[in-house]
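Note that this is a predicted model, so its numbers are computed, not measured. Worth knowing before you read on, the calculation uses all heavy atoms, side chains too, and leaves out hydrogens, waters and symmetry mates.
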Amino acid sequence: MPETLTAAETIAAISTPPGEGAIAIVRLSGATAVATANAVFRGADLTQVASHTIHYGHIIDPANQQVVDEVMVSVMRAPKTFTREDVIEINCHGGIVATNRILQIVLQAGARLAEPGEFTKRAFLNGRIDLTQAESVMDIIRAKTDRAMQVAENTLDGDLRKLITTLRQDILEVLAQVEVNIDYPEYDTDELTTKLMLAKAQEVLTRVDALLATATTGKVLWEGLATAIIGRPNVGKSSILNRLLHEDKAIVTDVAGTTRDVLEEYVNVQGVPLKLVDTAGIRDTADKVEKIGVARSKQALTAADLVLLVLDASQPLTADDRELIALTQTKRRIVVLNKQDLPAQLDRTELAQLVPPAEWLDTTATSSVGLAPLAERIAQLFNTGVTNSQTQVMVANARQADLLRQAQTSLHSVIDGIHAGMPIDLVQIDMTAAWDQLGEITGDAAPDELITQLFSQFCLGK
């Protein structure tokens, strides 16, 4: 088990975003949380009130007995709290000055400023949640779509933990059988135990493979689909970006080369989050600044999961267009034939020889014509596997996916070792490794350094 709390320190932090607002919350957690809040609260005696109640009063400055703010204070006694410790939440008026003054007062009264993610870390260390649930807390905060939010909620409910726990229990049972065989060979046979381990390794591997298959969809839901809008200068890339965002983020002119750098924005397209990248027009140029932009555009193209290749339908295909078609040949792409409001000059027969017509889509970005079908096409390309994401157990992040891959490798080694006739006690080593690797996902076998590093990525006050 990872580190345990060795001191009953009470921690405090502002748990709401900085800035102006109607309400802000200063949260305390620890053995002396109630007493600390009571020392600066004028109202009911918080040490005597019932758990999970809220009380009106004022925060005072003990140094001069002046009222700092009018507040409502929630009292929640352990163990029925997020951290399984006594928790106080001071609901004060929103604003930087009021919240910071109250925070400073409770720190002076004996609390310590919480580290990033320390409230959630205490929930983990006190056994209320596992690592997958802890990570889902940040996934909920960072969710860009309703679907991502629902998947994170499922993980917070313990769906992934339950699945991993079941897999580990299956492995543990067969490991126990191996130990019995080694210690009491007269009650078992190597052949019987070997068959049992082989069957169990194959069964667990199948379920690990299925879970790992959700990692790509999970990456899309949480990080967004990297979508590069590519084309030569002045074909309408920035106009398409603005229309998909429903606001003018990119400068649009009829001067070629207006966009000199990449511009990234997030947009929700029918439940699929896109990380849209508007790029500088790709062409041969002597302009030093534009050359840098072109180089960055090609980098964005290489990293993209989806490419929107924009062609000007009012002009014949150019050498630059043909080069871009070739560069995107292996990419998942949609070829956007823009400027349909102008007289057509693009030879569609020639284009059909280079790009299947099924990949084409006509638009006039300046008037939004064709943008709805474009959004529909994007959603169709990536909704496979995402449509059932609201109820499906999914891998949430790269850490979990990497550990699943390690367990996958260990299970393959078990199967290969058995087929190669290796002694059962040697095969057992790889089976134990898979058990440990799955345990790292939930935190049951995670080293202290991992725990510290993981929670350091959380926001302050969570």
K.L.:
Please report the closest heavy-atom contact between Arg122 and Gly30, naming both atoms and the distance.
P.N.:
NH1-CA, 4.1 Å
K.L.:
Quick one: NZ on Lys200 to CG on Leu205, what's the gap to the nearest 0.5 Å?
P.N.:
13.5 Å
K.L.:
Between Arg333 and Thr328, is any side-chain donor less than 3.5 angstrom from a side-chain acceptor?
P.N.:
yes
K.L.:
Check whether any side-chain heavy atom of Leu308 sits under 4.5 Å from a side-chain heavy atom of Lys237, and report yes or no.
P.N.:
no
K.L.:
Give a yes or no on whether Gln65 atom CD has more than 12 heavy-atom contacts from other residues, nucleotides or ligands under 6.0 Å away.
P.N.:
yes
K.L.:
For the residue pair Val67 and Ile59, establish whether any side-chain heavy-atom pair is separated by less than 4.5 Å.
P.N.:
no
K.L.:
Atom CD in Gln202, atom CG in Asp209: separation rounded to 0.5 Å?
P.N.:
11.5 Å
K.L.:
Thr16 side chain to Ile25 main-chain N or O, any donor-acceptor pair under 3.5 Å?
P.N.:
yes
K.L.:
Are Ile418 and Met422 packed together at the side-chain level, in the sense that at least one heavy-atom pair is separated by less than 4.5 angstrom?
P.N.:
no
K.L.:
Quick check against the 3.5 Å criterion: does Thr81 have a side-chain atom that pairs as donor or acceptor with the backbone of Arg84?
P.N.:
yes
K.L.:
Supply the atom-to-atom distance Thr132 OG1 to Leu160 CG, rounded to the nearest 0.5 angstrom.
P.N.:
4.5 Å
K.L.:
What closest approach, in Å, do Thr83 and Asn126 show between heavy atoms, and which atom pair accounts for it?
P.N.:
O-ND2, 2.8 Å
K.L.:
Between CG of Leu212 and CG of Asp402, what distance do you get to the nearest 0.5 Å?
P.N.:
9.5 Å
K.L.:
Run the numbers on Arg399 and Glu135 for salt bridge (Lys or Arg N to Asp or Glu O under 4.0 Å), then give the verdict.
P.N.:
CA-CA 10 Å; Arg399 183 190 74 86; Glu135 289 171 314; 2.8 Å; yes
K.L.:
Looking at side-chain heavy atoms only, is the closest gap between Leu404 and Leu211 below 4.5 Å?
P.N.:
yes
K.L.:
Apply the test side-chain contact (heavy atoms from CB on, under 4.5 Å) to residues Arg332 and Val307: give CA-CA distance (whole Å), side-chain angles for both, the deciding distance (0.1 Å), then the verdict.
P.N.:
CA-CA 6 Å; Arg332 188 169 296 191; Val307 173; over 6 Å; no
K.L.:
Evaluate the criterion side-chain contact (heavy atoms from CB on, under 4.5 Å) for residue pair Ile60 and Gln66; output intermediate values, then yes/no.
P.N.:
CA-CA 5 Å; Ile60 61 170; Gln66 289 185 348; over 6 Å; no
K.L.:
List the steps and the verdict of side chain to side chain donor-acceptor pair (under 3.5 Å) for Asn100 and Gln104.
P.N.:
CA-CA 6 Å; Asn100 274 297; Gln104 291 304 316; 5.2 Å; no
K.L.:
State, with a plain yes or no, whether a side-chain heavy atom of Ile54 is found less than 4.5 Å away from one of Glu89.
P.N.:
no
K.L.:
Any donor and acceptor pair, going by atom type alone, linking the side chain of His52 with main-chain N or O of Lys80 inside 3.5 Å?
P.N.:
yes
K.L.:
Looking only at atom types and distance, does a side-chain atom of Ser410 sit under 3.5 Å from a main-chain N or O of Gln406, one as donor and one as acceptor?
P.N.:
yes
K.L.:
With side-chain contact (heavy atoms from CB on, under 4.5 Å) as the test, would you mind laying out the steps for Val71 and Phe41 before giving the verdict?
P.N.:
CA-CA 9 Å; Val71 299; Phe41 179 67; 3.9 Å; yes
K.L.:
If you measure from the Lys or Arg side-chain nitrogens to the Asp or Glu carboxylate oxygens, is any gap between Arg112 and Glu118 under 4.0 Å?
P.N.:
yes
K.L.:
How many angstroms lie between atom OG1 of Thr120 and atom CG of Leu125, to the nearest 0.5 angstrom?
P.N.:
11.0 Å
K.L.:
Tell me the closest heavy-atom pair linking Ser15 and Arg27, and the distance in Å.
P.N.:
OG-CB, 3.4 Å
K.L.:
Is a side-chain N or O of Trp435 found less than 3.5 angstrom from the main chain of Ile171, in a donor-acceptor match?
P.N.:
no
K.L.:
If you look at every heavy atom in Ala44 and His55, which pair is closest and at what distance?
P.N.:
CB-ND1, 4.2 Å
K.L.:
Quick check: closest heavy atoms across Ala78 and Asp86, and the distance to 0.1 Å?
P.N.:
N-OD1, 2.9 Å
K.L.:
So how far is it from Ile164 CD1 to Leu403 CG, rounded to the nearest 0.5 Å?
P.N.:
9.5 Å
K.L.:
Would you say Asn91's side chain and Met72's backbone share a donor-acceptor pair under 3.5 angstrom?
P.N.:
yes
K.L.:
Is it true that Asp305 and Lys331 have a side-chain N and a carboxylate O under 4.0 angstrom from each other?
P.N.:
no
K.L.:
Is any side-chain heavy atom of Arg77 closer than 4.5 Å to one of Val87?
P.N.:
no
K.L.:
Please check if any side-chain donor atom of Thr10 sits under 3.5 Å from a side-chain acceptor atom of Thr36, or the reverse.
P.N.:
no
K.L.:
Can you tell me which residue among Leu103, Ile105, Ile102, Asp69 is in a side-chain contact (heavy atoms from CB on, under 4.5 Å) with Ile90?
P.N.:
Ile102
K.L.:
Measure from the side-chain N and O atoms of Thr409 to the backbone N and O of Arg405, and report whether any donor-acceptor pair falls under 3.5 Å.
P.N.:
yes
K.L.:
Please lay out, stage by stage, how Thr363 and Leu361 fare under the test side-chain contact (heavy atoms from CB on, under 4.5 Å).
P.N.:
CA-CA 7 Å; Thr363 65; Leu361 197 145; 3.5 Å; yes
K.L.:
Look at the side chain of Ser29 and the backbone N and O of Ile11, then say whether any donor-acceptor pair between them is shorter than 3.5 Å.
P.N.:
no
K.L.:
Which pair of heavy atoms, one from Thr442 and one from Phe124, lies closest together, and at what distance?
P.N.:
O-CE1, 4.0 Å
K.L.:
Please check this pair: side chain of Thr165 against backbone of Lys162, looking for a donor-acceptor N/O pair closer than 3.5 Å.
P.N.:
no
K.L.:
Answer whether the closest heavy-atom distance between the side chains of Leu175 and Met431 falls below 4.5 Å.
P.N.:
yes
K.L.:
Is the backbone of Leu46 close enough, under 3.5 Å, to the side chain of Asn38 for a donor and an acceptor to pair up by distance?
P.N.:
yes
K.L.:
Can you confirm whether Leu167 sits close enough to Arg207 that some side-chain heavy atom of one is under 4.5 Å from a side-chain heavy atom of the other?
P.N.:
yes
K.L.:
Could Arg128 and Phe82 be counted as a cation-pi pair, given that NZ or CZ must be under 6.0 Å from the ring centre and within 45° of the axis?
P.N.:
no
